[in-house]
Amino acid sequence: VPQTPFEYISLGFWLDTVYGYSDEAAEAAMDMQGMSAEELAALYSDPAALSDLVLTILGGLSASVDMTTEFSEELAAALTQDPSMGSWPESVSLGVILDGGVAYLDLGALEAVVGDMGGMSGWVGIDILPWVEASLMQSAADPNAALAASASTQVGAGPLFTQLAAADPMGMITPFLSIARVGDDVVDGEDVAVFSTTINWDAFVQSPYFEQLVVLGLSQDPEAAPSQAEIDQTVTLGRMFGPALLSGITLELIEMVSLDTGYLLATDFTLDWDLSDLAALAAMAGTGELGIDDNSAIMASIVTTNTNLNGDVEIEVPADALIIPTEMLIGQ
């Protein structure tokens with residue numbers, strides 16, 4: 001990481017989630033998933049109907065999430081903000097439970113990170129449904145909401161595409177994704193279709209998104225705002241030479257979908273980036289020295305497996321949790 005007091009850091013993150021829906025919530029979720037673009041647009045233009053459907057889904061959802069993060073010694077030392085708290089812990093675990101629209105958080109797990117919680121400890125619960133309802137009412141009034149809803153129904157290979165399309169109503173990201181079925185495999189005894197999602201770097205540098213990133217990068221110094229001519233020059237150079245430099249980035253998501261049920265059983269995300277390519281691009285664009293060593297690199301691997309699909313789920317809700325009124329948090 002350039003211009004930092006350490007040469008190497010690592011972060012390990014483990015997430016274990018169990019969730020289930022009531023029959024009513026599952027039916028509502030499947031109804032929403034099966035809507036056409038026109039039906040979704042109509043739903044998003046009807047705040048009452050949208051709220052009713054989403055709140056039905058959330059109200060019937062039960063989930064238990066256990067997260068553990070492990071920090072390397074160098075990273076833990078760098079994250080220490082307050083000397084009175086001592087060193088940042090090298091391992092932090094956090095439990096979250098959602099049931100009937102109430103989100104429960106274990107404050108005891110946070111004490112090692114944030115210190116005293118003002119006398120509060122143990123589990124606390126917050127009814128999130130009023131927040132969600134207010135947010136839905138606001139988003140439904142946005143003229144772009146229907147557009148985003150219709151974009152979420154674009155047809156693509158692999159579950160990731162539809163998720164990105166929903167967050168990309170203007171089509172700035174999805175055009176430079178390369179998605180292909182690369183073969184078949186077996187996961188836990190099930191035959192699966194294997195999909196690969198990668199970046200088409202030629203399409204990326206030609207996209208409006210690339211130009212926005214260039215503008216963002218050049219605007220980091222508030223006292224030296226770039227002229228339009230400087231922006232145009234950097235974008236032009238980036239589009240000429242960027243693909244050759246960026247092609248050294250390994251960025252791939254493998255998705256494995258059951259041929260029998262259509263369920264997503266596993267994903268494997270890989271990022272391997274030699275940052276010297278970025279330094280070369282900056283030098284070519286004349287944006288100055290980034291301080292990146294030749295051996296600087298970022299590597300990440302995220303593996304996800306989905307098991308016990310359609311199995312029985314029992315979520316144990318903390319019986320002694322302190323329920324905080326939503327009105328207290330939103331000032332009503």
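Nearest approach of Asp268 to Ser301, heavy atoms of both residues: OD1-OG, 4.2 Å. Between Ser45 and Ala42, the shortest heavy-atom contact is OG-O, 2.7 Å. Minimum interatomic distance between Ile315 and Ser62 (heavy atoms only, all atoms of both residues): CG1-CB, 3.6 Å. Across all non-hydrogen atoms, the minimal contact from Ala321 to Tyr104 is CB-CD2, 3.7 Å. Of all non-hydrogen atoms in Asp184 and Ala193, the two that sit nearest each other are OD1-CA, 3.8 Å. Heavy atoms only, all atoms of each residue included: Pro175 and Ala203 are closest at O-CB, 4.2 Å.
The CE atom of Met256 lies 9.5 Å from the CG atom of Leu265; values are rounded to the nearest 0.5 Å. In this structure, Phe195 CZ and Ile254 CD1 are separated by 11.0 Å, a value rounded to the nearest 0.5 Å. One finds the OG atom of Ser207 at 11.5 Å from the CG atom of Asp202 (value rounded to the nearest 0.5 Å). In this structure, the separation between CG on Asp66 and OG1 on Thr17 is 8.0 Å, given to the nearest 0.5 Å. Taken from OG in Ser178 to CZ in Phe204, the straight-line distance is 13.0 Å, to the nearest 0.5 Å. To the nearest 0.5 angstrom, Ile199 atom CD1 is 12.0 Å from Thr250 atom OG1.
Checked by atom type and distance alone, the side chain of Asn306 pairs as donor or acceptor with a backbone atom of Leu264 at under 3.5 Å.
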| said: With side chain to side chain contact (heavy atoms under 4.5 Å, CB included) as the criterion, how do Leu11 and Leu75 come out once you've worked through the C-alpha distance, each side chain's angles and the decisive distance to 0.1 Å? | reply: CA-CA 8 Å; Leu11 176 69; Leu75 181 56; 4.2 Å; yes
| task | Show the numbers, then the answer: is there a side chain to side chain contact (heavy atoms under 4.5 Å, CB included) between Asp16 and Thr68? | result | CA-CA 9 Å; Asp16 187 9; Thr68 298; over 6 Å; no
| For Leu253 and Thr267, what are the C-alpha separation, side-chain angles and deciding distance, and is it a side chain to side chain contact (heavy atoms under 4.5 Å, CB included)? | CA-CA 7 Å; Leu253 176 70; Thr267 65; 4.1 Å; yes
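Under a cut-off of 6.0 angstrom, the local environment of CG in Asn308 is crowded, with over 12 non-hydrogen atoms contributed by other residues, nucleotides or ligands. More than 12 heavy atoms of other residues, nucleotides or ligands sit less than 6.0 Å from atom CD of Gln228. Heavy-atom contacts from other residues, nucleotides or ligands closer than 6.0 Å to CD of Glu90 number more than 12. Tyr19 OH: 12 or fewer foreign heavy atoms inside a 6.0 Å radius. More than 12 heavy atoms of other residues, nucleotides or ligands lie within 6.0 Å of CG in Asp31, so this atom counts as buried by the packing criterion.
At a threshold of 4.5 Å between side-chain heavy atoms, the hydrophobic network of Ile, Leu, Val, Met, Phe, Trp and Tyr places Ile179 and Val192 in two separate groups. In the hydrophobic cluster analysis, where Ile, Leu, Val, Met, Phe, Trp and Tyr join through side-chain heavy atoms closer than 4.5 angstrom, Ile249 is grouped together with Val205. Tracing side-chain contacts under 4.5 Å through hydrophobic residues (I, L, V, M, F, W, Y), one reaches Ile302 starting from Ile298; they form part of the same cluster. Cluster membership for Val102 and Val96, using ILVMFWY side-chain heavy atoms within less than 4.5 angstrom, is not shared. The hydrophobic clustering, which links ILVMFWY residues whose side-chain heavy atoms are closer than 4.5 Å, places Leu98 and Val317 apart.
Side-chain atoms of Asp191 and Asp260, non-hydrogen and from C-beta on, never get closer than 4.5 Å to each other. No side-chain heavy atom of Phe176 sits under 4.5 Å from any side-chain heavy atom of Gln206.
The closest side-chain donor-acceptor pair between Thr56 and Glu24, if any, does not fall under 3.5 angstrom.
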